[in-house]
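This is a predicted model, so every value here is computed, not measured. Order of listing sets the numbers, starting from 1, for every ligand and every atom in it.
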Amino acid sequence: MDIQLANQTITTNATDCHLTKGGYIAAASLLTLNLPSAPVSYLYSGWQSWSLTAWVDTDRPVRPMRPSSMHPMQTDPVYARETRPHGSWYGAVELPNGQTVFLGALGLESHVMLDRQSLVGWYETGNGEWFLASGDETEIFVRYAELLGERFGKGRDASTSVLCQTFGVNAQANAQDLHSAPYRVWCSWYSLYTEIYETQLLKILNDLDPFDSAQGLPFDVFQVDDGWQVGIGDWEPNAKFPSGMDRLAARVKETGRKAGLWLAPLLIVPSSSVYREHRDWLLHDENGKLVSAGFNWGEQLYALDTTHPAALDWLAALMKIVRGWGYDYAKLDFLYAGALPGKRYVDMPREAAYRNGLKVIRAALGEAYFLTCAAPILPSIGLCDGIRVGPDVGETYTSHRDDDLLMNFAAPGVRNALRTTFHRLWLQPLVHTDPDVVYFRSRQNNLTPEQKSLLQDMAQICNFKATSDIPAWLTDSERSALREFLESRPEVRKTGRTAYQIGDHEVDFDLHIGMPSQPDKFTNLQGAFISGLANVPALMKVFDKLGKNSLKKKLKQNPV
Ligand code: 9PG
């Protein structure tokens with residue numbers, strides 16, 4: 001049938017398009033929109049927190065990311081080799097006349113692609129709803145978020161029934177709370193990485209609150225990241241935390257803060273006891289082989305099957321242990337593992353299976369704040385408090401290796417983080433958007449003052465302010481600036497396509513959210529070679545070791 005989009009008549013194969021506020025709603029398992037002219041740019045929508053989300057010119061589409069061994073942990077591995085512009089759940093094009101046409105799924109396991117002059121959307125299984133719209137991009141996303149909220153809930157809405165039964169929580173209050181309080185988090189990762197230990201964290205905690213309270217750093221949460229655990233799958237404190245995780249949580253809470261803990265509960269590595277004792281809890285493929293969830297910590301990663309009853313019991317028990325230790329803020333990472341394609345104990349679509357796992361986690365976490373990371377975006381809506389909406393930041397803006405050799409835009413780095421976070425700000429009415437940490441320190445940092453302030457501005461826009469800066473690494477003026485940042489609550493207003501007014505200054509992200517130019521043939525060849533090396537697990541193991549050693553050295557030179 002013919003519908004009116006972008007002031008033109010557009011034909012679609014959908015037979016039951018009906019008008020809704022701001023566009024049309026249709027139901028189809030495969031929907032094709034025949035565009036009136038070839039688009040000039042396409043809005044890629046990455047699958048999980050770290051995956052690239054950005055407008056890209058259609059004459060230089062994003063190439064498959066390198067190395068391919070990272071596909072399961074950086075993008076949706078099902079579509080990782082697709083060379084046409086595409087993305088998870090939704091896509092948009094900009095026509096030569098400047099008009100935007102949008103096609104967005106209102107259900108899970110859906111994908112959108114630009115095939116020449118057609119915008120095509122499909123569901124991996126069965127039929128589903130679509131929202132079709134044109135006009136102002138900001139307005140389109142306001143309406144899309146509204147429609148998603150009605151279906152998936154806002155904040156922790158979707159878990160309401162589970163929570164009410166289990167904990168008697170007033171879910172209405174939670175939904176209203178969504179943007180009431182700023183989240184100010186001290187996180188151990190972006191200074192110490194895995195080199196954390198008990199006395200060092202206690203020293204930092206102490207340094208946040210000096211005797212002179214005018215110098216205090218008002219964080220709401222003190223969050224312990226990766227490095228406390230025996231192993232991935234063995235979530236007990238290692239030898240560096242001899243007093244136990246409960247003691248540490250108690251010390252944090254004595255300072256009036258929430259205690260936060262990082263876990264990757266849906267990942268299992270070969271060295272873990274779950275792997276040895278419960279191989280049947282893991283996600284397998286159709287041939288009975290374990291599904292790869294990527295490679296990290298010098299090990300192959302596997303995924304928990306979130307439909308397996310025993311695995312779900314283990315997951316719920318784990319969350320209750322963490323709550324029992326006293327943690328009331330959980331940063332749960334590498335969550336994409338629950339939504340990888342595979343053959344499950346209960347046969348259900350992969351993102352539905354993920355949601356099944358998330359519901360169990362949400363219920364077991366009770367009132368704790370739940371931040372999802374490396375999480376498939378749409379399937380997390382309504383079941384958590386916050387979602388990390390970009391890849392990791394880092395101490396550098398960008399790198400020749402990631403931009404030109406590997407063309408990897410999910411890799412840690414400030415530019416990659418700003419780009420993807422910016423394009424996901426539309427999620428704000430639905431969930432807290434975590435842009436990752438900001439830096440105020442100049443020690444152990446290659447960022448220019450301008451780059452640091454871009455991160456700070458993004459954190460103000462998100463109203464989610466985290467840092468890993470070590471108090472002892474800050475100069476007096478850096479510490480004051482951090483304190484002022486944490487205490488400030490400037491008015492934020494979008495003033496242009498890429499610009500915001502934040503308090504008394506304006507920031508334009510335009511130069512920081514585009515794509516780098518594509519590499520020449522020689523650079524591309526060099527990249528293919530390097531990428532080949534990165535696909536060899538033994539070499540990755542060596543790199544992991546080298547990285548760890550250099551980190552240890554750096555930390556020796558920069559005492560906490
Ligand atoms: C802890 C970290 C921090 C961080 C998370 C996540 O191998 N990788 O490509 C890779 C990328 C990001 C990453 C870890 C590994 O970071 O985003 O905040 O919690 O895990 O390990």
Side-chain angles (χ1 to χ4, degrees), residues 46-52 65-75 77 80 183 185-196 221-229 231-233 235 238 260-267 269 292-301 329-337 370-377 380 386-396 399 401-402 406-414 416-417 420-421 424 433-439 455 459 464 466-469 531 534-535 537 539-541 543-548 551:
W47 189 46
Q48 50 115 322
S49 306
W50 303 333
S51 320
L52 173 69
M65 232 171 44
R66 293 163 170 167
S68 55
S69 59
M70 295 289 245
H71 284 171
M73 58 188 284
Q74 293 192 319
T75 180
Y183 255 86
V185 182
W186 190 87
C187 158
S188 61
W189 184 250
Y190 300 87
S191 294
L192 306 167
Y193 301 94
T194 49
E195 296 305 306
I196 50 174
V221 183
F222 185 85
Q223 184 243 314
V224 181
D225 214 281
D226 188 3
W228 63 271
Q229 72 283 2
I232 305 299
W235 302 105
N238 59 32
L261 194 63
W262 172 96
L263 298 96
L266 303 184
L267 280 187
V269 295
S292 168
F295 192 93
N296 196 20
W297 302 281
E299 275 196 87
Q300 180 62 52
L301 311 179
Y329 177 104
K331 173 181 175 184
L332 304 188
D333 203 353
F334 291 82
L335 293 181
Y336 65 85
F370 178 15
L371 176 66
T372 58
C373 187
I377 303 296
S380 302
I387 307 182
R388 244 290 278 292
V389 287
D392 289 20
V393 299
E395 291 131 25
T396 46
S399 76
R401 184 197 68 185
D402 295 330
L406 301 178
M407 295 176 280
N408 187 322
F409 307 107
V414 167
N416 285 348
T420 288
T421 299
R424 291 210 179 114
T433 51
D434 167 14
D436 209 7
V437 305
V438 306
Y439 296 89
L455 285 179
F464 195 106
T467 187
S468 293
D469 285 350
S531 164
N535 282 333
L539 277 176
M540 289 296 272
K541 241 179 180 153
F543 286 136
D544 191 68
K545 264 252 154 69
L546 290 176
K548 248 191 154 157
L551 171 63

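Results of the side-chain contact (heavy atoms from CB on, under 4.5 Å) test with Phe295 over Pro67, Pro537, Ser69 single out Pro537 as the only residue that passes.
In terms of N/O distances under 3.5 Å, ligand 1 is approached by Asp225. Residue Lys331 places at least one N or O, backbone or side chain, under 3.5 Å from an N or O of ligand 1.
Close to ligand 1: Trp50, with a non-hydrogen atom less than 4.0 angstrom away.
For the atom pair Leu371 CG and Ile387 CD1, the distance stands at 9.0 Å (nearest 0.5 Å). Note that CZ of Arg388 is 12.0 Å distant from OG1 of Thr433, once rounded to the nearest 0.5 Å. Atom-to-atom distance recorded for Asn408:CG and Met65:CE is 4.5 Å, nearest 0.5 angstrom. Distance check, rounded to the nearest 0.5 Å: CG of Asp225 to OG of Ser468 gives 7.5 Å. Taking CG of Asn296 as the reference point, atom CG of Asp333 lies at 9.5 Å (rounded to 0.5 Å).
For atom 20 (O) of ligand 1, the closest non-hydrogen atom of the protein is Asp333 OD2, 2.8 Å. For atom 21 (O) of ligand 1, the nearest protein heavy atom (residue, atom name, distance) is Asp226 OD2, 2.7 Å. Of all protein heavy atoms, the one closest to atom 14 (C) of ligand 1 is Phe334 CZ, 3.6 Å. Among all protein heavy atoms, the one lying closest to atom 9 (O) of ligand 1 is Met70 CE, 3.3 Å. Remark: minimum distance from atom 10 (C) of ligand 1 to any protein heavy atom is reached at Met73 CE, 3.9 Å.
Contact annotation for Ala374 and ligand 1: no heavy atom of the residue comes within less than 4.0 Å of the ligand.
If you number the atoms of ligand 1 from 1 as listed, the ones under 4.0 Å from a heavy atom of Cys373 come out as 17 (O). Close contacts of ligand 1 with Arg388, meaning ligand atoms under 4.0 Å from a residue heavy atom, involve 17 (O), 18 (O).
Relative to atom 18 (O) of ligand 1, the option among Phe295, Trp189, Tyr190 with the closest non-hydrogen atom is Tyr190. Taking only non-hydrogen atoms, the option from Leu332, Asn296, Asp392 nearest to atom 4 (C) of ligand 1 is Asp392.
A donor-acceptor contact shorter than 3.5 Å links the side chain of Trp186 to the backbone of Asp469.
Between Phe334 and Trp50, the ring centre distance stays below 6.0 Å.
By the ring pair (Phe, Tyr, Trp, His ring centres under 6.0 Å) test, Tyr190 pairs with no residue at all, sequence neighbours left out.
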